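Below is one structure, written out as structure tokens, with a few remarks after it.
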Amino acid sequence: MITGKNYIGNKLSAKGSKTYNTFNPLLNFENEYVYTEATSEEIDEAVEIASKAFKTFRTINGKRKAAFLNAIADEILALDDILIQTYCSETGLPEGRAKGERGRTVGQLRMFADLVAEGSWVDATIDTAQPSREPLPKSDIRKMLIPLGPVVVFGASNFPLAYSTAGGDTAAALASGCPVIVKSHPMHAGTGELVSSAIIKAAERTNMPNGVFSNLNSSGIEVGTQLVNHPKVKAVGFTGSIKGGRALYNLAVQRDEPIPVFAEMGSINPVIILPEALKNRNESIAKTYANSITLGTGQFCTNPGLILGIKGEHLTKFMVKLSEEIIKIDPSCMLHPNIAQAFHNGRSQAIEQDDLQVVAEYRNEIKNNFARQTLTNVSGDTFLKNSTLHQEVFGPYSLIVECDNTEQLEEIVSKLEGQLTGTVIADNGEVSHYSQVISALQNRVGRVIYNGVPTGVEVCPSMTHGGPYPASTDSRFTAVGIHSIKRWVRPFSYQDWPDTLLPDELKNENPLGISRLVDGKQTLEKL
């Protein structure tokens, strides 16, 4: 079922001469299938048919788009064991993780299907005419959200399903009416091709235009660069490193017609543990965070890479207990030898910094591509002076900072780069004494957690998965949940337009029965 080719719409293509294999990091050898890198000709063809498909796809109603999205979910489930086996062979992750991520992917698709089937997401707004208004008449003005055009989505290394080929970016873009071209991640090209086959089958089953989806393989940066620079591409979605996301952003803004890049990037996700919580729940917090730091070998964008506390007896005891707990956990496999090497390099750079102490490190023998979980410690003064310590080490690593007092804690939080999450561990009533710290944290993150862990991102309408730069390139948007659809649309107004020529969402009769803001009042009624 896996061919190693590119999907250019509903056609398989392999015109290029450059090939590569995926890698099984658990068994430490290359997988059997050979993937062909997309050529410039194939890139142009994919974008051209996406642009052509957009003319039709943008006009397809919500119920038909919902049928398409639900069909994609059905076809992904129909792949069954071959998808799970391929996922595991390309990531080293266990079967349970693969099935869980598949469930999340299917759930996201169905969530967007429900959203567009109902239809109110377009934010239809109507201000009716007042021809007799003095001193000037008022026009009839109607507004709604419309899709941008072809979107390029970059597959994520750490989520081959939920943030990749049919992941949140793709699901939201298709729901909005935008065709999608996926630049498949080279580490899981087989998984990507299988999911692509499911999307194409779903498109054919539901009579979507050819070109509504394509999947292009690439082991380097050339294909991605050409896609972002293509004049008919109108937006980009990316999940990955700060370096990669910023490179795409720079390309996009340097185009003759700049386009938006919605990149979700690096984060160290600060955790503030307040004194009373440390005093009363020292051991339980340590056990919880040992598991969170090592979950998925630390390969989550919400991994807790920074722990902040006020120095003293209880913080010292916490460090000892966390050190004991974290080395009890068996190391696990990283996604790829390159990621394992990057973790080793980042960890080495961190522990070489002056005045930093390694307080825990797994020292027993480990297998190839496994990671040694590491816990380090510095003073608040050292952390403030050394920006290297503020950088993400992608993997099972965390730094504990001992702050002199509440004032220094606030200063450190206020000087952090933008983050996806911030966590506060506190006992009842304790937070009220740290209002300035919490205010500083709110200004630095997209989501704040109380007495929990940052790992785990619930897919629901209230979730914000984004944050101030460099956590994301645009903190006004989320990459998770139904509101992520707003990344792929723009507001558009009709003034004094004949009712018969308006889209159904704005017609007087409200034929779709959606909720609309009419003359300042939210209503389901017709005019």
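The first residue of the sequence shown is numbered 1, and numbering continues consecutively from there. Since we're looking at a predicted model, the values are computed, not measured.
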- Are the charged groups of D169 and R487 less than 4.0 angstrom apart, N to O? yes
- Would you mind checking if E324 and K328 are paired as a salt bridge, meaning a charged N to carboxylate O distance below 4.0 Å? no
- Item | Sidechain-backbone polar pair: N368 side chain, P25 backbone, donor-acceptor under 3.5 Å | no
- Query: Taking the side chain from E430 and the backbone from A277, do they hold a donor-acceptor pair closer than 3.5 Å?
  - Reply: yes
- Query: Is any NZ, NE, NH1 or NH2 atom of the basic residue among D427 and R281 found under 4.0 Å from an Asp or Glu carboxylate oxygen of the other?
  - Reply: yes
- Task: Rounded to the nearest 0.5 Å, what's the gap from CG on L308 to CG on L416? Could you check?
- Result: 6.5 Å
- Note on the structure: The side chain to side chain contact (heavy atoms under 4.5 Å, CB included) partner of I485 among V122, T478, L115 is L115
- Query: What's the spacing between I449 CD1 and I425 CD1 if we round to 0.5 Å?
  - Reply: 8.5 Å
- Item | Pairwise distance CD(E407) to CD(Q436) - rounded to 0.5 angstrom | 10.0 Å
- Query: Is the distance between the ring centroids of F23 and F29 less than 6.0 Å?
  - Reply: no
- Item | side-chain hydrogen bond (donor to acceptor under 3.5 Å, both in side chains) evaluation trace for Q254 with N250 | CA-CA 6 Å; Q254 290 164 6; N250 289 345; 5.3 Å; no
- Task: Taking N28 for its side chain and N24 for its backbone only, find out whether a donor-acceptor pair lies under 3.5 Å.
- Result: no
- Using the salt bridge (charged side-chain N to carboxylate O under 4.0 Å, His left out) rule, take E257 and K234 through it: C-alpha gap first, then chi angles, then the decisive distance, then the call. CA-CA 9 Å; E257 178 198 355; K234 300 303 178 185; 2.9 Å; yes
- Message: Within the supplied structure, the quantity of interest is the number of heavy atoms (other residues, nucleotides, ligands) at a distance under 6.0 Å from Y249 OH; does it exceed 12?
- Response: no
- Under the side-chain hydrogen bond (donor to acceptor under 3.5 Å, both in side chains) rule, what do T86 and S89 come out as? Steps first, then yes or no, please. CA-CA 5 Å; T86 303; S89 74; 5.2 Å; no
- Task: Would you check if the side chain of S439 reaches a backbone N or O of S435 as a donor-acceptor pair within less than 3.5 Å?
- Result: no
- Message: Take a 6.0 Å sphere around CD of Q442 and say whether it holds more than 12 heavy atoms from other residues, nucleotides or ligands.
- Response: no
- Query: Checking side-chain hydrogen bond (donor to acceptor under 3.5 Å, both in side chains) for the pair D381/Q408: CA distance, chi angles, key distance, verdict?
  - Reply: CA-CA 8 Å; D381 285 340; Q408 188 177 67; 2.8 Å; yes
- Query: Do R246 side-chain atoms and P470 backbone N/O form a donor-acceptor pair below 3.5 Å?
  - Reply: no
- Note on the structure: In this structure, NE2 of H336 is separated from NE2 of H185 (nearest 0.5 Å) by 8.5 Å
Anything under 3.5 Å between a donor and an acceptor, one on a side chain of residues 389-403, the other on a protein residue two or more places apart or in another chain? List them.
| from | atom 1 | to | atom 2 | distance (Å) |
| --- | --- | --- | --- | --- |
| H390 | NE2 | F383 | O | 2.8 |
| Q391 | NE2 | S387 | O | 3.2 |
| Y397 | OH | T376 | OG1 | 2.8 |
| S398 | OG | P304 | O | 2.9 |
| E402 | OE2 | N377 | ND2 | 3.2 |

- Task: Just do the side chain to side chain contact (heavy atoms under 4.5 Å, CB included) check on E264 and C301 with the steps written out, would you?
- Result: CA-CA 9 Å; E264 184 258 288; C301 50; 3.5 Å; yes
- Using atom types as modelled and distance alone, determine if a side-chain donor or acceptor of S484 lies under 3.5 Å from a backbone N or O of V480. no
- Message: Looking only at side-chain N and O atoms, does T302 offer a donor or acceptor that is under 3.5 Å from a partner on T421?
- Response: no
- Task: Would you check if the side chain of N386 reaches a backbone N or O of T388 as a donor-acceptor pair within less than 3.5 Å?
- Result: yes
- Item | Pair I329-Q373, side chain to side chain contact (heavy atoms under 4.5 Å, CB included): steps then yes or no | CA-CA 9 Å; I329 297 169; Q373 54 262 39; 3.9 Å; yes
- Query: Around atom CD of E365, are there more than 12 heavy atoms of other residues, nucleotides or ligands at under 6.0 Å?
  - Reply: no
Run the side-chain donor-acceptor check on residues 151-166: report pairs under 3.5 Å with partners two or more places apart or on a different chain.
| from | atom 1 | to | atom 2 | distance (Å) |
| --- | --- | --- | --- | --- |
| N158 | ND2 | Q299 | O | 3.1 |
| Y163 | OH | R104 | NH2 | 3.0 |
| S164 | OG | A156 | N | 3.0 |
| S164 | OG | A156 | O | 3.2 |
| S164 | OG | F159 | O | 2.8 |

- Quick one: does N21's side chain have a donor or acceptor within less than 3.5 Å of a partner on N31's backbone? yes
- Message: Donor-acceptor check, side chain of T374 to backbone of R372, threshold 3.5 angstrom: yes or no?
- Response: yes
- Rounded to the nearest 0.5 Å, how far apart are CG of L216 and CG of L227? 5.5 Å
- Query: So does I366 have more than 12 non-hydrogen atoms from other groups sitting under 6.0 Å from CD1?
  - Reply: yes
- Parallel, tilted or perpendicular: which describes the rings of Y33 and Y35, with under 30° parallel and over 60° perpendicular? tilted
- Got a donor-acceptor contact below 3.5 angstrom from the E90 side chain to the T191 backbone? yes
- Query: Is it the case that more than 12 heavy atoms not belonging to K385 sit under 6.0 Å from its NZ atom?
  - Reply: no
- Rounded to the nearest 0.5 Å, what separation is found between the OG atom of S475 and the CG atom of L420? 11.5 Å
- Message: Regarding K279 and E313, does a basic nitrogen lie under 4.0 Å from an acidic carboxylate oxygen?
- Response: no
- Query: Can you name the residues that form a side chain to side chain donor-acceptor pair (under 3.5 Å) with S218, not counting sequence neighbours?
  - Reply: E37
